[in-house]
Amino acid sequence: MSKRKATYASKLKRATHLLFYKRHMRPGVKGWELRKALGSDYPKVLKVLDDYLKALDLQVRTVFEEEKTVENPSIEQLDRTRFYITLRGEITPKEAKMVGWRIDDLAGLAITISYIISKRGKAPRKEVEELLREKLPGWKVGLNVDRYVRYGYLNEDENEQIYLDWRTRAEVDQKALIDLLLRTENTNGKSIEDVS
Amino acid sequence: MQSKREREKTGREKLVRIIETCKSVEQRSLDPFLINIDDNIKTAREYLPEWTLPEDLCLDAETIHHIATVVKLQSEWVKHRSTSLYTDPFLLEEKLKKLSKGAIIGTFVKAWHPLIEFEQVTLHSLAEAINYWMNLLPLNERWKETPPIEVKIGSATREELVQQRILQDKTFSEELNSFWQELKTCVQKKGSEGKVHYWDFVGADTYEETVQRAFMASFLITYGYATLEVRMLEEEMFIKPNEKPETRISAKQLVSIPIPVSVEEWKRWKKGEQQ
């Protein structure tokens with residue numbers, strides 16, 4: 001193995017450790033941390049890692065600070081960017097159960113996120129709870145919203161306005177979700193297994 | 001025809017109404033285009049020449065501020081509508097209400113890519129943890145109760161208490177009396193016509209001592225051991241000791257005279273005394 005290859009192999013391992021293991025309260029690693037650990041060519045290392053992960057249906061996800069994807073990010077922009085490892089493809093509703101979510105709770109999360117996106121990223125908690133109450137028992141609604149906030153999917157301010165938080169930005173393809181929802185025909189009465 | 005007062009009242013009401021409408025749009029995320037900016041600006045402009053009071057001008061400024069916020073919201077609204085993320089919230093809400101839970105889940109999982117993270121222990125972290133454990137002191141050593149410090153009971157002498165400034169070596173009346181005697185001596189030495197300049201009496205080598213002397217002098221005057229003579233035109237003050245303390249109530253109305261004993265005053269006196 002050439003010296004260059006050996007260096008990259010070692011950087012690849014280091015990047016894997018950094019990205020897979022949670023080091024702070026939140027998962028993921030900031031660009032500047034990667035630069036410090038891997039050197040200034042860390043975007044290249046991440047690209048190689050992403051190619052490796054393709055076979056495992058995983059990917060290196062880049063979440064820019066400005067929330068919008070940047071075409072040719074500068075070093076400064078990359079430093080502030082957060083990198084995560086996420087699933088590349090889709091999971092089935094059956095698998096979602098394995099991830100640790102009750103199907104009701106996941107549906108509630110989907111509704112909440114879609115509604116907030118449609119309201120330009122902000123909605124009063126009261127309105128969200130009213131919408132959830134249509135299909136979830138009343139006692140569960142408040143608990144569920146609190147749970148979504150705790151997990152980092154949502155954020156709530158002192159005026160009881162709910163916003164999308166870091167986990168939604170990292171895990172959910174917002175545009176795809178809205179497009180899919182609008183295209184979905186009702187499958188009322190079908191069980192989750194039927195859907196999957 | 002409306003009187004000026006009535007017109008001002010109507011104007012104020014209109015501005016308050018504009019502010020309230022703008023606020024409701026800002027706080028409840030309503031469509032900002034519900035507000036007619038042109039009309040509101042026209043109203044604000046119409047009444048602007050009427051305002052003379054600062055409160056009314058503030059109200060006008062607040063109105064303009066809220067109208068500007070709504071214009072900003074309108075711009076954001078247009079930007080959002082022009083993006084591919086825009087969906088009519090009512091349409092989406094209806095859609096979400098109609099869809100079954102299964103359908104919603106089926107759709108969501110297609111756009112959801114959960115994070116992958118490990119929380120597994122490694123050999124390295126285990127080794128570090130063991131090392132930490134080995135160096136950790138047992139709880140009974142870390143949380144040792146500190147025994148209360150034993151203090152022997154004894155008695156303090158009056159001199160010790162005076163030294164610690166708990167007691168004074170003289171009672172206040174004794175101190176006041178000796179200060180009165182000091183004033184009398186000072187008048188004999190430095191004064192003329194049975195009186196001495198106020199600053200020549202209270203002034204001392206240090207500022208702290210001067211303050212202390214001014215404090216005592218105020219009691220001498222209040223309790224009738226001395227009299228203060230103020231010459232307004234010459235801006236001079238004299239202190240004159242009485243032969244006996246005058247305790248009778250004066251026929252004249254008693255007045256309080258504030259005398260500033262600032263560092264600057266003290267420095268000025270000190271300089272003058274040196275010269």
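Lettering follows sequence order; numbering is per chain, from 1.
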When rounded to the nearest 0.5 angstrom, what distance separates CD in A:E134 from CD in B:E93?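 The CD atom of A:E134 sits 8.0 Å away from the CD atom of B:E93.
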Between A:L58, A:D104, A:N159, which residue shows the highest count of heavy-atom pairs closer than 4.5 Å to chain B?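 Ranked by contacts with chain B, first place is A:D104.
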Checking [X] side chain against [Y] main chain: does a donor-acceptor pair fall under 3.5 Å?
X      : Y      : answer
B:K95  : A:L182 : yes
B:E117 : A:Y21  : no
B:H113 : A:G89  : yes

Neighbour count >12 (heavy atoms, 6.0 Å) for atom [atom1], [X]:
X      : atom1 : result
B:K97  : NZ    : yes
B:E46  : CD    : yes
B:K110 : NZ    : no
B:L48  : CG    : yes
B:K267 : NZ    : no
A:R133 : CZ    : yes
A:Y163 : OH    : yes
A:R88  : CZ    : yes

Could you tell me which non-hydrogen atom of [X] sits nearest to which non-hydrogen atom of [Y], and how far apart they are?
X      : Y      : result
A:I91  : B:P114 : CD1-CG, 4.2 Å
A:F20  : B:I116 : CE2-CG2, 3.9 Å
B:L115 : A:P27  : CD1-CG, 3.6 Å
B:K101 : A:K135 : CE-O, 3.5 Å
A:S114 : B:L92  : O-CD2, 3.2 Å

Chain B heavy atoms under 4.5 Å from A:R61: which part of the residue, side chain, backbone, both or neither?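 The answer is neither part of A:R61.
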Portion of A:L131 that has a non-hydrogen atom of chain B nearer than 4.5 angstrom: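 For A:L131, the contact with chain B is made by the side chain alone.
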Does any part of the side chain of A:E90, heavy atoms only, come nearer than 4.5 Å to the side chain of B:V109, both counted from C-beta?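 Answer no - side chains too far apart.
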Using the side-chain contact (heavy atoms from CB on, under 4.5 Å) rule, pick out the option among A:L180, A:L109, A:I111, A:L181 that qualifies with B:F108.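 Checked A:L180, A:L109, A:I111, A:L181 against B:F108; only one passes side-chain contact (heavy atoms from CB on, under 4.5 Å): A:L109.
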Check each of A:L106, A:I113, A:T168 against B:W112 using the side-chain contact (heavy atoms from CB on, under 4.5 Å) test, and report the only one that passes.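 For B:W112, the side-chain contact (heavy atoms from CB on, under 4.5 Å) check succeeds only for A:L106.
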